[in-house]
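Data block below; observations after.
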Amino acid sequence: MKCSYCGCIDSKVVDSRQNEDGSSIRRRRECMKCGKRFTTYETIEMTPIMVVKKNGARQQFSSSKLKAGILRACEKRPVPMIRIDRLVEDIERKIQNNLNDEITSAQIGEYVMEGLKSIDEVAYVRFAAVYREFKDIESWLSEINTILKDKNSDK
């Protein structure tokens with residue numbers, strides 16, 4: 001690691017600590033030439049995942065866009081932020097574990113609906129209405145009836 005003061009590449013690690021969420025390691029280093037200390041961070045380099053949209057366009061996966069869509073569906077619903085954050089993390093994990101560098105927006109939408117269904121049925125139907133592009137009241141009724149059937153079969 002190159003010293004930020006003198007440019008020497010010879011340094012030793014004095015202290016290493018993980019950050020709070022365990023996503024990186026903070027290292028205090030000491031330059032062997034000038035003796036000054038500096039800090040470096042070690043993180044896992046993630047391969048960017050590309051999302052293939054319905055029209056064939058590709059864009060980089062964004063967890064903030066994913067969270068914004070989920071928040072919109074949960075607006076004015078009694079859903080704690082911790083549940084939304086966990087859902088976003090779960091979906092991100094599924095996408096990373098997919099081992100492909102591309103995923104369709106349709107697959108992400110299915111992951112969101114699967115998660116929302118267990119968190120809040122109203123948020124689920126709201127998201128489904130936009131995601132599946134409900135055109136009329138029949139589409140809404142069909143989705144609601146599916147939820148009711150699933151609910152009754154669980155009893």
Side-chain angles (χ1 to χ4, degrees), residues 1-2 4 11 13-29 37-155:
M1 190 60 59
K2 191 175 186 179
S4 56
S11 66
V13 175
V14 179
D15 181 44
S16 291
R17 294 183 189 178
Q18 278 190 356
N19 71 347
E20 291 174 8
D21 65 358
S23 63
S24 68
I25 297 174
R26 176 185 179 266
R27 298 195 194 280
R28 287 293 293 160
R29 296 179 175 272
R37 291 187 175 190
F38 56 99
T39 304
T40 60
Y41 292 90
E42 182 179 319
T43 59
I44 296 173
E45 186 175 42
M46 304 297 272
T47 306
I49 304 290
M50 298 305 288
V51 177
V52 181
K53 308 292 254 175
K54 287 179 185 177
N55 65 3
R58 285 169 168 69
Q59 67 182 74
Q60 192 168 339
F61 172 75
S62 165
S63 59
S64 59
K65 281 178 117 176
L66 174 65
K67 188 174 183 176
I70 294 170
L71 283 170
R72 223 172 291 122
C74 294
E75 197 170 308
K76 296 184 182 178
R77 298 294 305 153
V79 179
M81 272 309 291
I82 188 90
R83 299 279 314 265
I84 293 170
D85 289 336
R86 273 196 215 126
L87 177 57
V88 171
E89 288 170 13
D90 289 346
I91 294 169
E92 279 184 289
R93 198 172 308 109
K94 284 180 184 178
I95 292 169
Q96 291 293 335
N97 290 341
N98 191 7
L99 300 178
N100 292 327
D101 46 354
E102 286 188 347
I103 188 166
T104 63
S105 58
Q107 185 60 59
I108 295 172
E110 292 300 323
Y111 289 155
V112 172
M113 291 194 341
E114 181 183 304
L116 281 177
K117 198 172 205 176
S118 64
I119 293 174
D120 187 272
E121 292 166 343
V122 173
Y124 165 80
V125 173
R126 284 179 180 170
F127 187 87
V130 174
Y131 170 68
R132 292 194 175 142
E133 299 174 351
F134 289 178
K135 301 287 186 221
D136 53 26
I137 196 70
E138 311 310 324
S139 305
W140 285 82
L141 287 172
S142 173
E143 195 64 43
I144 291 168
N145 285 332
T146 302
I147 293 171
L148 291 173
K149 278 186 215 169
D150 289 347
K151 212 173 188 180
N152 289 333
S153 68
D154 288 344
K155 289 182 180 177

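For clarity, every value in this text was computed on a predicted model and none was experimentally measured. Computed from heavy atoms alone, side chains included, the values below leave out hydrogens, waters and symmetry copies.
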message: I'd like to check the salt bridge (Lys or Arg N to Asp or Glu O under 4.0 Å) partners of Arg37; sequence neighbours left out, ordered by chain and number.
response: Glu30
- request: List in chain and number order the residues that pass side chain to side chain contact (heavy atoms under 4.5 Å, CB included) with Arg58, two or more places apart in sequence or in another chain; answer none if no residue qualifies.
  value: Met50, Val52, Glu102
- prompt: Just how far is it from atom CD1 of Ile49 to atom CG of Asn100, taken to the nearest 0.5 Å?
  reply: 8.0 Å
Taking distance alone, no hydrogens or angles, what donor-acceptor pairs closer than 3.5 Å link side-chain atoms of residues 104-111 to residues at least two apart or in another chain?
residue, atom, partner, partner atom, Å
Thr104, OG1, Gln107, N, 3.1
Glu110, OE2, Tyr131, OH, 3.4

field: Distance, nearest 0.5 Å, that separates CD1 of Ile103 from CG of Asn98
entry: 5.0 Å
- prompt: With sequence neighbours excluded, what pairs up with Phe134 under the ring pair (Phe, Tyr, Trp, His ring centres under 6.0 Å) test?
  reply: Trp140
Nearest non-hydrogen partners of Ile25 and Ser16, listed with the distance: CG2-CB, 4.3 Å
Lys/Arg-Asp/Glu bridge criterion (N-O < 4.0 Å) met for Asp120, Arg83: no
- prompt: Taking atom types as modelled, is there a side-chain donor on Arg29 or Thr40 under 3.5 Å from an acceptor on the other?
  reply: yes
field: Counterpart residues, side chain to side chain contact (heavy atoms under 4.5 Å, CB included), relative to Val130 (two or more places apart)
entry: none
query: Stepwise, does the side-chain contact (heavy atoms from CB on, under 4.5 Å) test hold for Val13 with Met1?
result: CA-CA 10 Å; Val13 175; Met1 190 60 59; over 6 Å; no
- prompt: Hey, what do you get for CD1 (Ile119) to CZ (Arg86), rounding to the nearest 0.5 Å?
  reply: 9.0 Å
- request: For residues Gly69 and Phe127, report the shortest heavy-atom separation together with the two atoms involved.
  value: O-CD1, 4.2 Å
Listed partners of Ser139 passing side chain to side chain donor-acceptor pair (under 3.5 Å), at least two apart: Asp136
Can you give me every donor-acceptor pair (side chain of residues 88-96, partner residue at least two apart or in another chain, under 3.5 Å) with its distance?
residue, atom, partner, partner atom, Å
Asp90, OD1, Arg93, NH1, 3.0
Lys94, NZ, Glu114, OE2, 2.8

field: Contacts of Pro48 that satisfy side chain to side chain contact (heavy atoms under 4.5 Å, CB included) - sequence neighbours left out
entry: Gln60
- prompt: Listed by chain and number, what are the side chain to side chain donor-acceptor pair (under 3.5 Å) partners of Ser24, not counting sequence neighbours?
  reply: Asn19
- line: Arg28 and Phe38 have their tightest heavy-atom pair at NH1-C, 3.4 Å
- request: For Ser64 and Ser62, work out which heavy atoms get closest and say how close.
  value: OG-OG, 2.9 Å
query: If you look only at pairs with a residue in residues 61-72, which of them pass as a salt bridge (Lys or Arg N to Asp or Glu O under 4.0 Å), with sequence neighbours excluded?
result: Lys67-Asp85
- prompt: Between OG1 of Thr43 and CZ of Arg26, what distance do you get to the nearest 0.5 Å?
  reply: 15.0 Å
message: Under the rule for salt bridge (Lys or Arg N to Asp or Glu O under 4.0 Å), what residues qualify as partners of Lys76, not counting sequence neighbours?
response: none
statement: Taken in chain and number order and not counting sequence neighbours, the residues that satisfy side chain to side chain donor-acceptor pair (under 3.5 Å) with Ser142 are none
- line: Between the OH atom in Tyr124 and the CZ atom in Arg77, the distance rounded to the nearest 0.5 Å is 15.0 Å
- prompt: Does a side-chain heavy-atom distance below 4.5 Å link Cys74 with Leu116?
  reply: yes
- prompt: Would Asn145 and Glu143 count as a side-chain contact (heavy atoms from CB on, under 4.5 Å) if you check the C-alpha gap in whole Å, the side-chain angles of each, and the deciding distance to 0.1 Å?
  reply: CA-CA 5 Å; Asn145 285 332; Glu143 195 64 43; over 6 Å; no
- prompt: Quick one: OG on Ser11 to CZ on Arg27, what's the gap to the nearest 0.5 Å?
  reply: 11.0 Å
